[in-house]
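One structure below.
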2 protein chains.
Amino acid sequence: MIAAMARAATTSDVFNAIAEPQRRDILALLRAGERPVTDLAQELGMTQPRASKHLRVLREVGLVRDRKAGKQRLYGLDARGLRPVHEWTGGFERFWNESFDRLDAYVQELKQTRQED
Amino acid sequence: MIAAMARAATTSDVFNAIAEPQRRDILALLRAGERPVTDLAQELGMTQPRASKHLRVLREVGLVRDRKAGKQRLYGLDARGLRPVHEWTGGFERFWNESFDRLDAYVQELKQTRQED
DNA sequence: CGATCATATGCCCATATCGGCATGCGTCAA
DNA sequence: TTGACGCATGCCGATATGGGCATATGATCG
């Protein structure tokens, strides 16, 4: 049976993956090119297991690819998955500029409301 | 003392707020204009308390504004907070098209690597 | 004031998530 | 084969999160 779930189906989708600051840092670093886990961990000041776990999440949502290179395992960026996020937020673009006007309208209405009390 | 924390400082930032599908649905709906809680809840097929809780998160990160309108409370969109997300993902835009080539490169390297064994 | 509608909250449960630590596993060198 | 290195996992603890349900709160109306 389907019981109560925390963050239900959210798990392992791109939006969730980039909700974690450290994972965003990893992605940003990978723009410079492939890197082994230890490298990333050190650069970002995190332990190796921690880096590995974050990388796993990123890999599971397809934002990262890995390939073996001898003893090492190189992680590389696959940013295609970020596109949907960019497009989704882009769907609100026209509201960014409107917002201020809207807020002004709110303020006006609030003032009126208070005066009417 | 600061003990181990789950999702540390992530809580209540915009990235986290939009990691939840239902909250994204709410934001999308609000593009059409202000709406009372009950309205949103019904439209999205969720209970009123649930809608209120999601709206609270959205309000806390500033993606939503509310104003009292008599008995009701109208929630309205304030999309400015989405801009950073859009820009962050935009920073990867040039990799979207590269990705395929990169993957091809990976494959090439892999082939070479295998041959060298 | 009392009844009622619209929301926000509190409390509880189940589960997801992060971090640390120790350890397993695969690869390369001697 | 034995070590050493590089990385992935397993397990545990602490906490955040989502949902349900009942209820507190706020506001309007009679």
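Reminder, nothing fancy here: chain letters follow the sequence lines and each chain counts from 1.
In this model, the phosphate group of C:dG26 is not approached by any side-chain N or O of A:Gln72 to a distance below 4.0 Å at OP1 or OP2. Taking side-chain N and O atoms only, A:Tyr75 has no distance below 4.0 Å to OP1 or OP2 of D:dG6. Contact between the side-chain N/O atoms of B:Asn16 and the OP1/OP2 oxygens of D:dA16 is not found at any separation under 4.0 Å.
In this structure, A:Gln42 has no side chain to side chain donor-acceptor pair (under 3.5 Å) partners at least two apart in sequence or on a different chain. For the side chain to side chain contact (heavy atoms under 4.5 Å, CB included) test, residues two or more places apart in sequence or in another chain that qualify with B:Glu93 are A:His86, B:Trp96. With sequence neighbours excluded, the residues forming a side chain to side chain contact (heavy atoms under 4.5 Å, CB included) with B:Glu87 are B:Arg83, listed by chain and number. With sequence neighbours left out, the side chain to side chain contact (heavy atoms under 4.5 Å, CB included) criterion links B:Pro49 to B:Thr47. Residues satisfying the side chain to side chain contact (heavy atoms under 4.5 Å, CB included) criterion with B:Val57, sequence neighbours excluded, are B:Ala17, B:Arg23.
Note: B:Leu63 CG to B:Leu77 CG = 7.5 Å, rounded to the nearest 0.5 Å. To the nearest 0.5 angstrom, A:Asp78 atom CG is 11.5 Å from A:Leu58 atom CG. Atom CG of B:Asp13 sits about 9.5 Å away from atom CD of A:Glu20, to the nearest 0.5 Å.
Rounded to an integer number of Å, the gap from A:Leu40 CG to D:dG6 P is 14 Å. The distance from atom CZ of A:Arg23 to atom C1' of C:dA16 is 12 Å, rounded to the nearest whole Å. If you measure from atom CZ of B:Arg24 to atom C1' of D:dG18, you get 15 Å, rounded to the nearest angstrom. Across the protein-nucleic acid pair, A:Glu60 atom CD and D:dA8 atom C1' stand 12 Å apart, rounded to whole Å. For B:Leu74 and C:dC5, the CG to P distance is 19 Å, given to the nearest whole Å. One atom, CG of A:Asp39, and another, P of D:dG6, lie 10 Å apart when rounded to the nearest Å.
The side-chain heavy atoms of A:Leu82 and B:Trp88, taken from C-beta on, include a pair separated by under 4.5 Å.
Sorted by residue number, the members of residues 42-56 of chain A with any non-hydrogen atom under 4.0 Å from DNA chain D read A:Gln48, A:Pro49, A:Ser52, A:Lys53, A:Arg56.
Across its full length, the helix from C:dC1-D:dG30 to C:dA30-D:dT1 shows an angle of 10° between the axes of its 5 terminal pairs at either end, rounded to 10 degrees.
Sorted by first then second residue, the salt bridge (Lys or Arg N to Asp or Glu O under 4.0 Å) pairs that include residues 40-52 of chain A, not counting sequence neighbours, are A:Arg35-A:Glu43.
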Distances under 3.5 Å between nitrogen or oxygen atoms of protein and nucleotides 25-30 of chain D:
{"residue": "D:dA27", "atom": "OP1", "partner": "B:Lys68", "partner atom": "NZ", "Å": "3.4"}

B:Leu30/B:Leu40 under side-chain contact (heavy atoms from CB on, under 4.5 Å): CA gap, chis, key distance, verdict: CA-CA 9 Å; B:Leu30 288 180; B:Leu40 292 170; 4.0 Å; yes
